[in-house]
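Worksheet: the structure to be examined is printed underneath.
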There are 2 protein chains.
Amino acid sequence: MNSDAPRGKAGTTRMPTIDDVAAHAGVSTATVSRVLNGNYPVAKHTREKVLEAVAELRYTANAHARALAASATRTVGIIVNDVVDPFFSYIVRGVEQEATLSDRLCLVAAARGGSGRSSRDEELELIDRMREQRADAVIVVGGAYDDEGLRRKMADRARALADVGSVLVLCGRPSLGDSVPTKMVGYDNEGGAFALTEHLIAQGHRRILYLGGPPGLSTTSARLQGYRRALLARGIAPTDDLVHEGAFGRHFGYTRMRELLQTNLSYTAVFAANDLVAAGALEALTDAGIRVPEDISLVGYDDIPQSFELRPKLTTVHVPLEEMGRESVRIALHREDAFDRQSANEVVVGTHVVVRESVAPPREA
Amino acid sequence: MNSDAPRGKAGTTRMPTIDDVAAHAGVSTATVSRVLNGNYPVAKHTREKVLEAVAELRYTANAHARALAASATRTVGIIVNDVVDPFFSYIVRGVEQEATLSDRLCLVAAARGGSGRSSRDEELELIDRMREQRADAVIVVGGAYDDEGLRRKMADRARALADVGSVLVLCGRPSLGDSVPTKMVGYDNEGGAFALTEHLIAQGHRRILYLGGPPGLSTTSARLQGYRRALLARGIAPTDDLVHEGAFGRHFGYTRMRELLQTNLSYTAVFAANDLVAAGALEALTDAGIRVPEDISLVGYDDIPQSFELRPKLTTVHVPLEEMGRESVRIALHREDAFDRQSANEVVVGTHVVVRESVAPPREA
DNA sequence: TTGAAAGCGATACCAG
DNA sequence: CTGGTATCGCTTTCAA
């Protein structure tokens with residue numbers, strides 16, 4: 001009489017529920033739940049009956065009912081600026097990989113601002129939405145703006161997440177203070193910039209243009225600071241006329257470099273705030289008939305794969321983006337056990353200068 | 001006595017529930033639900049009391065409880081090959097944008113195969129997982145392999161999704177047949193390839209190398225077919241020695257082009273299966289001292305933004321990737337109303353050849 | 001080893 | 001316009 005699949009309204013089959021399975025197997029729902037979760041002893045024979053029923057009915061558990069009852073969602077959230085930017089997409093890839101490894105799905109959202117909303121506010125709201133979804137962790141990626149109010153709001157979110165057993169992971173962004181319950185995955189921007197600048201200085205450069213990076217963004221500040229410290233360390237006074245912050249995109253690199261080329265500002269090397277900016281700058285330079293590195297040296301930051309596809313291949317600082325993504329979910333999911341409490345609330349991945357072809361000694365050294 | 005936020009075990013605050021809000025505002029949960037969803041008349045005064053309580057308690061609804069009760073999740077799923085590949089990441093961006101517009105979150109997963117699992121199987125499993133999550137729609141992106149068994153399994157998934165009121169969207173992949181409940185967002189691969197090849201032929205090329213694309217993938221087949229049809233239309237016999245399928249990555253383009261350069265195969269133009277392959281091929285060509293387009297012409301497909309950052313700027317076929325992403329969620333969410341049933345179960349976005357700098361007449365025409 | 005039943009936190013129907 | 005309450009599908013004591 002009844003067809004195999006239970007039918008609901010409007011001729012749509014409704015999904016079989018755990019009750020259907022229980023009935024079909026002649027056991028209780030509790031038993032079904034147990035064999036499905038395998039966290040409780042069940043007689044072999046019973047188990048098999050249940051499994052059969054499951055297969056026959058093509059039953060799959062309702063993730064929401066499960067989340068509601070067990071308050072665990074097998075989901076991690078990640079919030080980036082732009083999924084198309086390689087910096088972010090490689091991190092997303094890492095997160096997605098590791099999430100899959102732990103049998104979780106990945107909520108991805110972009111807070112790029114626009115239409116009257118600042119990317120900061122969007123970010124906060126997205127965290128809230130992911131908390132509503134009870135994501136097991138929420139990973140926010142990329143530099144943060146230096147703003148006390150913002151920091152406070154973010155700290156609130158961190159606490160709100162902690163309250164429901166989730167956790168906020170800061171990936172590539174500074175801590176909110178020891179009292180705020182977050183985990184961190186960082187890399188040394190200041191140090192990398194220092195090393196990279198040193199490399200330039202060692203080649204004989206003294207007037208180095210700093211190009212790009214949103215002003216006020218932690219990433220920019222740190223890189224700029226490393227640049228300045230390296231200069232100072234070699235007795236070169238950093239001058240403001242050589243610092244041109246702005247943005248992180250290739251477009252910015254291209255247009256600003258082009259503008260700068262029309263001025264009589266002089267420098268023998270360009271430190272681009274990231275590889276994308278470097279790519280744009282390279283294009284502007286090349287278009288203007290300036291050879292890299294013969295006429296001007298150029299370096300980037302991040303070491304996205306595209307950077308060795310440029311001609312000349314770009315000298316840059318390697319940042320293990322995918323690894324950071326993976327580490328973010330690992331650290332988030334790693335519930336501290338009795339043994340090593342606070343084992344790792346923070347991991348710092350290593351970076352290093354990758355010397356390729358875009359740097360040479362200055363022409364008139 | 002009681003602190004504001006209800007406390008649960010282990011000193012963690014638990015989230016306020018709708019009951020808390022109701023109690024706080026002195027109304028019933030039903031009323032709270034009504035003001036929150038704004039889908040039912042509520043007295044102004046009552047509404048305000050509730051809203052106050054909500055604010056005071058920092059209440060946010062539990063998305064799972066809501067999903068369970070209302071069976072609607074405000075979530076769309078998208079399954080791609082690789083989040084780092086621009087083809088996919090631009091589509092993801094479009095999906096994410098449109099999802100946000102409809103106040104939905106986005107589940108992103110990658111089925112890139114590996115570790116013994118084929119990307120096809122992974123794709124199927126991911127669809128299942130997203131169905132467990134009751135995603136309002138599941139969008140699978142990119143070409144499909146020509147395999148009857150696979151098609152049947154995919155059709156099963158489509159039905160399973162339809163059964164729970166969700167929908168499978170095929171984005172850039174061929175239909176599963178009229179009887180299968182899916183929506184489609186397509187673009188004309190065959191026609192684009194035809195036009196592009198014609199462009200080459202019009203410039204005087206007759207021996208055109210076809211490079212890249214996984215054999216058996218619908219995308220590859222369609223582009224190849226367009227290429228052949230164009231040749232035939234101009235009375236040129238397509239020959240197999242000029243067809244070199246393989247993969248879609250830049251790496252493939254580079255290495256295979258390089259290998260081909262060592263043979264004595266002759267051709268005056270290269271039709272790369274996509275822009276990434278073209279970028280790789282360009283690099284190999286350039287490295288070998290061959291000028292594009294003076295010595296050899298080169299075209300790509302997709303028109304990812306990088307393609308006009310190449311030197312020479314790449315002539316290619318424009319595919320509106322972001323738009324496809326947006327359209328995918330629009331078409332998925334567009335419940336057909338009484339008026340125009342089956343209004344749009346399928347949309348085909350337009351493509352066109354973008355002539356830039358990488359094509360010139362052959363040297364010895 | 002298994003079952004009964006009490007939640008989990010919302011929605012929506014049915015009265016009032 | 002508002003309140004009571006059954007219900008969604010699963011997990012998890014508590015007993016047997």
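What you are looking at is a predicted structure, and each value in this text was computed from that prediction instead of being measured. Numbers restart at 1 for each chain; the letters A, B, ... are given by sequence-line order, proteins then strands. Just so it is clear, the values below take in all heavy atoms, side chains as well, and ignore hydrogens, waters and symmetry mates.
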Salt-bridge present ([X], [Y]; N to O < 4.0 Å):
X	Y	value
B/R66	A/E132	no
A/E327	A/R330	yes
A/R151	A/E148	yes

Original post:
For the atom pair CG (A/D156) and CG (A/D128), what is the distance rounded to the nearest 0.5 Å?
Top reply: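 A/D156 atom CG to A/D128 atom CG measures 9.5 Å (nearest 0.5 Å).
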Original post:
Rounded to the nearest 0.5 Å, how far apart are CD of B/E322 and CD of B/E96?
Top reply: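 Separation between the atoms: 10.5 Å.
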Please state how far atom [atom1] in [X] lies from atom [atom2] in [N], giving the value in whole angstrom units.
X	N	atom1	atom2	result
A/I18	D/dT7	CD1	C1'	16 Å
B/R34	D/dC1	CZ	C1'	8 Å
B/K44	D/dT2	NZ	P	14 Å
A/N39	D/dT12	CG	P	7 Å
A/L68	D/dT12	CG	P	12 Å
B/H45	D/dC1	NE2	C1'	13 Å
A/H64	D/dT7	NE2	C1'	17 Å
A/D19	D/dG9	CG	P	8 Å

Original post:
Looking at D/dT2, D/dT11, C/dG9, which one has an atom nearest to any side-chain atom of A/N37?
Top reply: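 Minimum distance to the A/N37 side chain belongs to D/dT11.
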Check whether any side-chain nitrogen or oxygen of [X] sits under 4.0 Å from OP1 or OP2 of [N], and answer yes or no.
X	N	value
A/T29	D/dC10	no
A/Y40	C/dG3	no
B/T31	D/dG3	yes
B/T46	D/dT2	yes
B/T17	C/dG9	no
A/R66	D/dT11	yes

**OP:** Have a look at A/A30 and say if it touches a base, only the backbone sugar-phosphate, or nothing, with a 4.0 Å heavy-atom cut-off.
**Re:**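 Base, at least one base atom sits under 4.0 Å.
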Original post:
Touch check for B/A43, heavy atoms < 4.0 angstrom, all strands: base, sugar-phosphate only, or nothing?
Top reply: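 Here B/A43 touches the backbone only, sparing every base.
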Original post:
Between B/V27 and A/L36, which is nearer to the 5' end of DNA chain D once each is assigned its nearest nucleotide?
Top reply: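 Going by which nucleotide is closer to the 5' end, it is B/V27.
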